[in-house]
Amino acid sequence: MTLNIKRLSPSAKLPRYATAGAAGLDLHACLDQPLTIAPGQQVMVPTGIAVAIPEGHVGLLAVRSSMGVRHGISLSNGVGVIDWDYRGPLGVGLRNASAEPYTIQPDDRIAQLLILPVAQPALREVEELDDTARGEGGFGSTGR
C-alpha cells in the first residue's frame with residue numbers, strides 16, 4: 001500500500017514515521033510565523049499537504065500525546081476523520097484546554113495521521129437484536 005502525498009506549499013514538511021514501530025505519521029504545522037493558541041481557543045493549523053488515502057481505508061487524526069498530556073492541547077473535534085475520497089488540504093483543528101497560552105512554531109509536529117482499513121457492512125433494519133452476555137449494560141457495566 002502507498003500513501004500519495006501532495007505538497008501544497010513549498011515550505012510544507014512531509015509527514016514521516018518517527019520510529020520503526022510508530023503507528024502514525026507525524027504531521028507538521030505549515031506556518032510562516034508562530035501561532036499562539038489562547039486558553040479556551042480553537043484554531044485550524046494548516047499542514048501544507050494533501051493526501052490520497054487508499055480506497056477502503058480511512059485517515060484518522062490524533063493529537064500528539066505530549067501536547068495533550070503536557071500542555072492540554074487536544075483536537076477540536078476529538079478525532080479527525082479523513083475519508084478515502086477526500087483530496088483537499090489537511091488542516092488540524094486544535095483546542096487549548098489549559099489555562100496557559102500555547103505557541104506552535106513553524107514545522108512543529110502537531111498531530112499524527114493513522115491509516116486504517118474500513119468495513120462498510122450492508123445495512124438491515126430488524127425488529128430485535130441478538131442477545132449477548134452483556135446485553136444492554138452501559139457505562140461501567142463490566143466492572144470498575
Looking at [atom1] of [X] and [atom2] of [Y], how far apart are the two atoms once the value is rounded to the nearest 0.5 Å?
{"X": "R70", "Y": "Y102", "atom1": "CZ", "atom2": "OH", "result": "9.5 Å"}
{"X": "R95", "Y": "I37", "atom1": "CZ", "atom2": "CD1", "result": "11.0 Å"}
{"X": "I110", "Y": "C30", "atom1": "CD1", "atom2": "SG", "result": "9.5 Å"}
{"X": "S74", "Y": "M67", "atom1": "OG", "atom2": "CE", "result": "9.0 Å"}
{"X": "T47", "Y": "L8", "atom1": "OG1", "atom2": "CG", "result": "7.0 Å"}
{"X": "R87", "Y": "I53", "atom1": "CZ", "atom2": "CD1", "result": "8.0 Å"}

For residues [X] and [Y], determine if any side-chain heavy atom of one lies less than 4.5 Å from a side-chain heavy atom of the other.
{"X": "D26", "Y": "P15", "answer": "no"}
{"X": "V81", "Y": "V58", "answer": "yes"}
{"X": "V43", "Y": "L35", "answer": "yes"}
{"X": "T103", "Y": "Q105", "answer": "yes"}
{"X": "I73", "Y": "S98", "answer": "no"}
{"X": "Q112", "Y": "R64", "answer": "yes"}
{"X": "I104", "Y": "L94", "answer": "yes"}

One pair to check against side chain to side chain contact (heavy atoms under 4.5 Å, CB included): L3 and L25. What are the steps and the verdict?
CA-CA 11 Å; L3 180 67; L25 290 154; 3.6 Å; yes
Does Y17 share a hydrophobic cluster with L14, counting links as ILVMFWY side-chain heavy atoms below 4.5 Å and allowing steps through other members?
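Yes.
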L114 and L90: same hydrophobic cluster, using ILVMFWY side-chain contacts below 4.5 Å?
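Different clusters: L114 never reaches L90 through Ile, Leu, Val, Met, Phe, Trp or Tyr contacts under 4.5 Å.
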Which atom pair, heavy atoms only, marks the closest approach of [X] to [Y]?
{"X": "H71", "Y": "S66", "value": "CD2-O, 3.8 Å"}
{"X": "P39", "Y": "A99", "value": "CG-O, 3.3 Å"}
{"X": "D107", "Y": "S11", "value": "OD1-O, 3.9 Å"}

Exactly one candidate in N77, V79, L27 meets side chain to side chain contact (heavy atoms under 4.5 Å, CB included) with L61; the answer is L27
Backbone of [Y] reached by a side-chain donor or acceptor of [X] within 3.5 Å:
{"X": "R16", "Y": "K13", "value": "no"}
{"X": "R7", "Y": "A12", "value": "yes"}
{"X": "N96", "Y": "E100", "value": "yes"}

Can you check side chain to side chain contact (heavy atoms under 4.5 Å, CB included) on E128 and V126, steps first, answer last?
CA-CA 6 Å; E128 296 292 329; V126 297; 5.9 Å; no
Side chain to side chain contact (heavy atoms under 4.5 Å, CB included) assessment of L60 paired with I115
CA-CA 6 Å; L60 296 180; I115 308 298; over 6 Å; no
Any chance CG of D32 has more than 12 other-residue heavy atoms, nucleotides or ligands included, within less than 6.0 Å?
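Incorrect, the count does not exceed 12.
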Side chain to side chain contact (heavy atoms under 4.5 Å, CB included) between M1 and H57: does it pass, once the steps are laid out?
CA-CA 11 Å; M1 175 178 17; H57 290 74; 3.7 Å; yes
